[in-house]
Participant: 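Okay, handing you the structure first.
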Amino acid sequence: MSQTSLSAEWLRQFTDPYAVLGLSVTADDRRVLKRYRVVAKVLHPDSFTIEHSAEKELAGQLFARIVNPAYQKIKQEPGRAEIMAMLRFRVRRMSREEPLVPTAPAALRLMEAGQADLDVLYEQAITELADQQYAQLSHFESFTQQLAEVNLVYLRLKMGDPLIREKRTGLVSADEAKPIQFTPLPPDASPSTTSYAQRHYQRAEEYVKKANWSMAVQELRDAIKIEPDKSAYHSLLAKAYFMQNLPGMAKVHFRQALKLNPKDPLAVEYAPKFKLDVEQPPNGKTPNSNGKPNTPNTPNSGGLFGRFAKKR
């Protein structure tokens with residue numbers, strides 16, 4: 001009988017408990033508890049609604065090994081103060097060593113905000129990302145990384161403030177925040193964002209040619225963080241995981257690639273190995289070969305990168 005587990009290496013990337021829970025760094029104990037209950041309701045094994053046993057087990061492990069520890073760290077004021085000190089130290093170190101160059105669309109918008117709008121836009125960005133963070137398990141890693149980046153950008157922009165006060169509520173409610181959609185700009189409006197993702201993908205292709213699978217994984221994860229709706233990124237990442245004898249992670253990304261583009265060549269080639277059905281999109285429209293979704297203004301999430309391996 002196989003057992004699904006999250007690798008220690010993968011777990012180490014989630015060092016921001018606020019991002020794990022989908023919270024702004026201004027959240028007080030009541031907001032932390034409220035959000036924890038929302039996430040726990042989604043992930044708890046007794047309430048998880050996905051029928052696939054592997055995904056249900058993964059939900060339980062996310063809850064036990066990532067969400068619960070994050071909550072324990074920031075549920076009380078001393079813990080929140082310690083985490084804030086750690087995050088601010090990280091921002092100061094990054095500022096000294098290299099400029100902070102965000103890649104997430106919400107973080108990029110925050111960098112361009114004026115000080116007068118900063119707090120409002122920050123809370124809105126957190127709300128937008130948190131609404132999608134646990135919508136599907138394949139969303140978790142991508143949106144959690146974006147939340148962490150937004151938190152760092154906010155702290156960088158507030159670095160001159162001696163104190164960031166906690167709040168019982170966000171500056172805007174979730175209903176008020178939803179009309180502001182942090183959707184990716186069209187390719188012709190944000191060429192730099194697209195080129196960054198493509199550069200990661202091209203470097204990954206070079207690593208694949210050299211059978212350097214671990215570096216290929218790193219580049220593809222960065223590409224997916226910027227553009228999570230490209231099937232080619234997911235299918236190549238899946239192959240890289242497969243070549244490292246991580247079939248569970250490979251299956252997740254092959255499935256995501258087929259969801260984005262049922263005709264993705266690499267995903268179609270490997271689908272039989274993982275008993276994945278090759279289905280047509282529900283609206284009958286086929287994405288292009290790059291995996292561009294049918295509705296580009298609807299957020300799609302990247303897969304759960306390196307989320308689990310099967311141990312026999």
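Owing to the predicted nature of the structure, the values given are computational and were not obtained by experimental measurement.
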Participant: Is it the case that more than 12 heavy atoms not belonging to Glu82 sit under 6.0 Å from its CD atom?
Facilitator: no
Participant: Determine the minimum heavy-atom distance between Leu276 and Lys251, stating which atoms define it.
Facilitator: CD2-CE, 3.8 Å
Participant: Quick one: do the Gln244 and Ser214 side chains pair a donor with an acceptor below 3.5 Å?
Facilitator: no
Participant: Ring centroids only, cut at 6.0 angstrom: are Phe14 and Phe140 within range, meaning strictly under it?
Facilitator: yes
Participant: I need the minimum non-hydrogen distance between Leu110 and Val150, along with the two atoms involved.
Facilitator: CD2-O, 3.9 Å
Participant: Is the backbone of Arg31 close enough, under 3.5 Å, to the side chain of Asp28 for a donor and an acceptor to pair up by distance?
Facilitator: yes
Participant: Quick one: do Lys209 and Glu206 make a salt bridge, cutoff under 4.0 Å?
Facilitator: yes
Participant: Determine, step by step, whether Gln198 and Lys230 satisfy the side chain to side chain donor-acceptor pair (under 3.5 Å) criterion, reporting the C-alpha distance in whole Å, the side-chain angles of both residues, the deciding distance to 0.1 Å, and the verdict.
Facilitator: CA-CA 10 Å; Gln198 277 289 58; Lys230 298 293 186 181; over 6 Å; no
Participant: Is a side-chain N or O of His139 found less than 3.5 angstrom from the main chain of Tyr134, in a donor-acceptor match?
Facilitator: no
Participant: What are the two closest non-hydrogen atoms of Ala104 and Glu149, and how far apart are they?
Facilitator: N-OE1, 2.6 Å
Participant: Have Glu219 and His200 got a donor and an acceptor in their side chains that come within less than 3.5 Å?
Facilitator: yes
Participant: Tell me, with the steps shown, if Gln256 and Ser231 meet side chain to side chain donor-acceptor pair (under 3.5 Å).
Facilitator: CA-CA 7 Å; Gln256 182 67 12; Ser231 69; over 6 Å; no
Participant: Could you point out which residue of Tyr233, Tyr241, Phe242 forms a side-chain contact (heavy atoms from CB on, under 4.5 Å) with His253?
Facilitator: Tyr241
Participant: Out of curiosity, does Leu58 fall in the hydrophobic cluster containing Phe63 (side-chain heavy atoms, cut-off under 4.5 Å, transitive links)?
Facilitator: yes
Participant: Ignoring hydrogens and angles, tell me if any N or O in the side chain of Gln146 forms a donor-acceptor pair with the backbone of Ala106 under 3.5 Å.
Facilitator: no
Participant: How about Thr144 and Gln13: does a side-chain donor come under 3.5 Å of a side-chain acceptor?
Facilitator: no
Participant: Verify, without hydrogens or angle tests, whether Arg35 (side chain) and Leu23 (backbone) share a donor-acceptor contact under 3.5 angstrom.
Facilitator: no
Participant: So which atom in Pro69 and which in Ala64 form the shortest heavy-atom distance, rounded to 0.1 Å?
Facilitator: CD-O, 3.3 Å
